[in-house]
Colleague: 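Here it is: the structure, laid out below.
Not measured: the values here are computed from a predicted model. Note on naming: letters A, B, ... go to the chains in the order of the sequence lines (proteins, then strands), and numbering restarts at 1 for each one. Side chains included, hydrogens not; waters and symmetry mates left out as well; all remaining heavy atoms used.
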Number of protein chains: 2
Amino acid sequence: MKISAQEEYGLRCLVQLAALPEGGSLTLPQIAELEGISTANAGKLMWLLNKAGFVHSTRGTKGGYSLERPAEDIRLSEIIKVLDEDVLGKHCGSYTGVRDSCVHNGDCGIRPVIIGLHALVENALSQITLAQLVGSERSVDAMFNRVHSIHRTVEPQGV
Amino acid sequence: MKISAQEEYGLRCLVQLAALPEGGSLTLPQIAELEGISTANAGKLMWLLNKAGFVHSTRGTKGGYSLERPAEDIRLSEIIKVLDEDVLGKHCGSYTGVRDSCVHNGDCGIRPVIIGLHALVENALSQITLAQLVGSERSVDAMFNRVHSIHRTVEPQGV
DNA sequence: CGCAATCTTGACGAAAAAATAATGATTTGA
DNA sequence: TCAAATCATTATTTTTTCGTCAAGATTGCG
């Protein structure tokens, strides 16, 4: 249960754009440099984000990428959904909601756990905007503390 | 951000044992059959769970696996931690908490999000026991509804 | 126009994860 | 004691994911 490389870096690239002054843009080599990844890799990520309508790209000299929508309106849940290889539901109906796709016919004890977990994560991510990730981290911390309110006893380690 | 195959199936195997009458046991072929996976695969999973102390195994004819600890005492967070290929923190200090391992020196906008997300998931999983996964799903649903209490607007889809 | 900077896109190769195979060790019971 | 059943452990293969490459398309500028 962890964020994938594609999810993480795609998100990071968007954050770089969001951190720019109003209307600013970055080229692929610039983004790659800022994130410590290859230009080719950045290109693929930005292509996905472009297709999904998060960024606007202009070709040619003086080209680059800029945010298509205001950072305040972009929720992390949307971003993750686009970057995730959403080939979910291959080995069990737990993911897709389609029954009859595994030996349990989608009816087993852990099904509600998996679905609940996904909903939990999506819910948390839907409450964070790209704008909140720029500069100050305080609002994000505050958000997680609220969601955690029931018990906050566990250390943030690998899950 | 999804549960891995190893996590899911390992959890499923444990649920099968927990569903047994007091003191019951299952062999590898039986577990494999129940979960629709190969015996070899089940063997690997059970080996991990055995090493971690969740199950007890006996070899030879009449051998098999049984729960080592009461299902009421086993929290999902423990299980996931064992089944996760916890080779986290390979591409960014976000996971390990070790700084200086990426271009951001572990100090970037998305770091609190990743850490917060892991904590959120771990917190949720720590509130569910293996026993709750057997038979009735109601307690699990109730738990997630509580955690969701802030907003429950999102459909449980792929995240 | 023609070159250089830039994004686009599909194909390819490397790395990680998962599944399988293979071999070995232990126990039971005839 | 020997054979069958069963778990233990490591190695190999397969699949999936990730990253790179290369050829193409578009734009700006001299």
Colleague: Can you list everything that forms a side chain to side chain donor-acceptor pair (under 3.5 Å) with A:S57? Sequence neighbours excluded, please.
Modeller: A:N50
Colleague: Select from B:A40 and A:M46 the residue whose nearest nucleotide in DNA chain C is closer to the 5' end of that strand.
Modeller: A:M46
Colleague: For residues 21-29 of chain B, tabulate all N or O donor-acceptor pairs below 3.5 Å that involve a side-chain atom, not counting sequence neighbours.
Modeller:
residue, atom, partner, partner atom, Å
B:T27, OG1, B:Q30, N, 3.3
B:T27, OG1, B:Q30, OE1, 3.4

Colleague: For a 4.5 angstrom cut-off between non-hydrogen side-chain atoms, does B:I74 reach B:T129?
Modeller: no
Colleague: Which heavy atom of B:S77 sits nearest to which heavy atom of B:E122, and what is that distance?
Modeller: CB-O, 3.9 Å
Colleague: Taking atom C1' of C:dA16 as reference, at what distance in whole Å does atom CD1 of A:I3 sit?
Modeller: 18 Å
Colleague: State which of C:dA17, C:dT20, C:dC7 makes the closest approach to the side chain of A:K2.
Modeller: C:dA17
Colleague: Within this structure, what is the OH-CG distance for the pair B:Y9 and B:N41, rounded to the nearest 0.5 Å?
Modeller: 8.5 Å
Colleague: State which residue, out of B:D84, B:I3, B:L117, fulfils the side chain to side chain contact (heavy atoms under 4.5 Å, CB included) condition with A:K2.
Modeller: B:D84
Colleague: Taking it one step at a time, do A:E78 and A:R69 satisfy salt bridge (charged side-chain N to carboxylate O under 4.0 Å, His left out)?
Modeller: CA-CA 12 Å; A:E78 307 176 64; A:R69 300 162 45 192; 3.0 Å; yes
Colleague: Find every protein N or O atom lying less than 3.5 Å from an N or O atom of nucleotides 9-12 of chain C, and list the pairs.
Modeller:
residue, atom, partner, partner atom, Å
C:dT9, OP2, A:W47, NE1, 2.3

Colleague: Please report the distance, rounded to the nearest Å, between CG in B:N41 and C1' in D:dT15.
Modeller: 13 Å
Colleague: Could you tell me which residues satisfy side chain to side chain donor-acceptor pair (under 3.5 Å) with B:R59, sequence neighbours excluded, listed by chain and number?
Modeller: none
Colleague: Tell me whether the OP1 or OP2 atom of D:dT17 has a side-chain N or O from A:Y9 closer than 4.0 Å.
Modeller: no
Colleague: Is B:N50 close enough to D:dA8 that one of its side-chain N or O atoms is under 4.0 Å from OP1 or OP2 there?
Modeller: yes
Colleague: Starting at CG of B:L45 and ending at P of C:dA17, how long is that distance when rounded to a whole Å?
Modeller: 16 Å
Colleague: Give the residues of residues 16-29 of chain B touching DNA chain C, defined as any heavy atom closer than 4.0 Å, sorted by residue number.
Modeller: none
Colleague: Shorter than 3.5 Å, N or O on both sides, protein versus nucleotides 24-29 of chain D: list them out with atom names.
Modeller:
residue, atom, partner, partner atom, Å
D:dT26, O4', A:R59, NE, 3.4
D:dT27, O2, A:T61, N, 3.4

